Number of protein chains: 2
Amino acid sequence: MDKVRILPEIRLKQMVEKLKKNGFRITPQRYAVLKVLAQSENHPSAERIYEQLLTDYPTMSQATVYKTISLLKKTGEVLELEFSEMSNRYDGNKPYPHPHMICTKCGTISDPPMLDFEKLKNKMMEKTGFTISSHRLDFYGYCPDCQKK
Amino acid sequence: MDKVRILPEIRLKQMVEKLKKNGFRITPQRYAVLKVLAQSENHPSAERIYEQLLTDYPTMSQATVYKTISLLKKTGEVLELEFSEMSNRYDGNKPYPHPHMICTKCGTISDPPMLDFEKLKNKMMEKTGFTISSHRLDFYGYCPDCQKK
DNA sequence: TTTCGTGCAAAAGCTTTGCATTAGC
DNA sequence: GCTAATGCAAAGCTTTTGCACGAAA
């Protein structure tokens, strides 16, 4: 599996193909959501995606955004970062587990350099008897900008 | 910071002291919630704590459970694992960040052997300029029991 | 007696769902 | 033309909040 960010256009094509292959239609609304997610570097929330698309797609609804995300989750084409105190955040460019830096002041979520988790994962599987299929690694703190303030 | 599970009775005392020190009263209801959290190995949800206490405290309310947890969060005496698709889960015995194994079949959350995160954290801080104050590391997969089924 | 905590019920916030209308294929 | 998708509004869930009553210091 590739571990670096790929070109949004290429990622978009991948997502479209995957949906088509699974028998889903590519509507203008869906395509628009996919496009935002394919190029997202800022881990947008569903609300944020919706707002961003409203100007170009005035009839866009939140339901459609959520339903599209739901499709992508089923086909493994988006990574969902769950939160309970704020909205979930999504990464469609890198839909596989990777570490995140989360600023607890401004809410920014960014990707630090990738880590090799295979060794750690294998050690964990050995020690616990779990079969690990996924993981989540978040670091919480203040981002460089917020430290200055 | 101690990295292993401590005796529930001792942990309970610590929690009580911390609340007292911060000027909060120790009511029977609060004490009961603290007791469950101090000995919890199974990362209960607020709902689960509430149910568990209903027999001994028939007047117990969910609000009281949530309000007590909220106090503990403020004083750093409970670790909250946030989820959006299910209720949050709590660990009052080990209120500091530590890895979790989460079974995606039966929902069990358990603690694997502790890892030394200091090196990794320091490396991350160097590379990103973040000041990391906390982290979250979850592994998702099937627990040994669920693999048999 | 004054302050704090409890617990009911209502509200809040995010996400999902039902359903009639619209649009892909 | 058949089936799926959209989008509105309502429902669902967990968690928080307002408030009157009761209890603790």
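Residue numbers start from 1 in every chain, and the chains themselves are labelled A, B, ... in the order their sequence lines are given, proteins ahead of strands. Quick caveat, the model's predicted, so the values are computed rather than measured.
A/Lys74 places its NZ atom 14 Å from the C1' atom of C/dT15, with the value rounded to the nearest Å. With rounding to whole Å, A/Leu34 atom CG is found 11 Å from D/dT6 atom P. Atom CD1 in B/Ile69 sits about 14 Å away from atom P in D/dT14, given to the nearest Å. Here the P atom of nucleotide C/dT15 and the CD atom of A/Glu47 are 9 Å apart, to the nearest Å. Separating the CG atom of B/Leu72 from the C1' atom of C/dG5 is a distance of 14 Å, rounded to the nearest angstrom. Rounded to a whole Å, the CG atom of A/Leu54 is 15 Å from the P atom of D/dT6. Between the P atom of C/dT15 and the CE atom of B/Met86 lies a distance of 16 Å, rounded to the nearest Å. Separating the CG atom of A/Leu71 from the P atom of C/dG24 is a distance of 16 Å, rounded to the nearest angstrom.
Of the two residues near DNA chain D, A/Ser61 and B/Glu80, the one whose nearest nucleotide lies more 5' is A/Ser61. When each of A/Gln29 and B/Pro58 is assigned the nucleotide of DNA chain C bearing its nearest heavy atom, the one mapping closer to the 5' terminus is B/Pro58. Sequence order on DNA chain D of the closest nucleotides to B/Arg25 and A/Tyr50 puts A/Tyr50 first from the 5' end.
For D/dT14, neither phosphate oxygen OP1 nor OP2 lies less than 4.0 angstrom from any side-chain nitrogen or oxygen of B/Asn88. When the side-chain nitrogen and oxygen atoms of B/Ser84 are compared with OP1 and OP2 of D/dT14, none of them lie within a distance under 4.0 Å. The side chain of A/Arg30 contributes an N or O atom lying less than 4.0 Å from OP1 or OP2 of D/dA5. Contact annotation: B/Gln62 does not reach the phosphate of D/dT14 (side-chain N/O to OP1 or OP2, under 4.0 Å). Dashed line: the shortest gap from a side-chain N or O of B/Tyr66 to OP1 or OP2 of D/dT16 is not under 4.0 Å.
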Does A/Tyr90 form a side chain to side chain contact (heavy atoms under 4.5 Å, CB included) with A/Val65? I'd like the steps, not just the answer. CA-CA 12 Å; A/Tyr90 300 92; A/Val65 174; over 6 Å; no
Side chain to side chain contact (heavy atoms under 4.5 Å, CB included), that's the test. Do B/Thr108 and B/Asn42 meet it? Break it down for me. CA-CA 7 Å; B/Thr108 305; B/Asn42 48 350; over 6 Å; no
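Across all non-hydrogen atoms, the minimal contact from B/Pro95 to B/Gly76 is CB-O, 3.8 Å.
No option in B/Asp111, B/Val78, B/Leu79 other than B/Asp111 meets the side chain to side chain contact (heavy atoms under 4.5 Å, CB included) test with B/Lys94.
Taking the side chain of A/Met60 as heavy atoms from C-beta on, and the options D/dG7, C/dT15, D/dA5, the nearest nucleotide is D/dG7. Here C/dT6 is the nucleotide among C/dT6, C/dT15, D/dT15 with the atom lying nearest to any side-chain atom of B/Lys67. Across C/dG24, D/dT17, C/dT15, the shortest atom-to-atom separation from the side chain of A/Tyr90 is found for C/dT15. Listed candidates were C/dT16, D/dT15, C/dT6. Nearest to the side chain of A/Lys73 is C/dT16. Among the nucleotides C/dG5, C/dT6, D/dT6, the one closest to the side chain of A/Thr64 is D/dT6.
B/Ser45 comes within contact range of no nucleotide atom at all, as no heavy-atom separation falls under 4.0 Å. In this structure, A/Thr59 reaches the sugar-phosphate backbone alone: every heavy-atom distance under 4.0 Å involves primed, P, OP1 or OP2 atoms, never a base.
Ring geometry, B/His100 versus B/His43: the interplanar angle exceeds 60°, so the pair is classed perpendicular (tilted spans 30 to 60°).
Judged by distance alone, with hydrogens and angles left aside, A/Lys20 brings no side-chain donor or acceptor close enough to the base of C/dG24 to form a pair under 3.5 Å.
Checked by atom type and distance alone, the side chain of A/Thr128 pairs as donor or acceptor with a backbone atom of A/Phe130 at under 3.5 Å.
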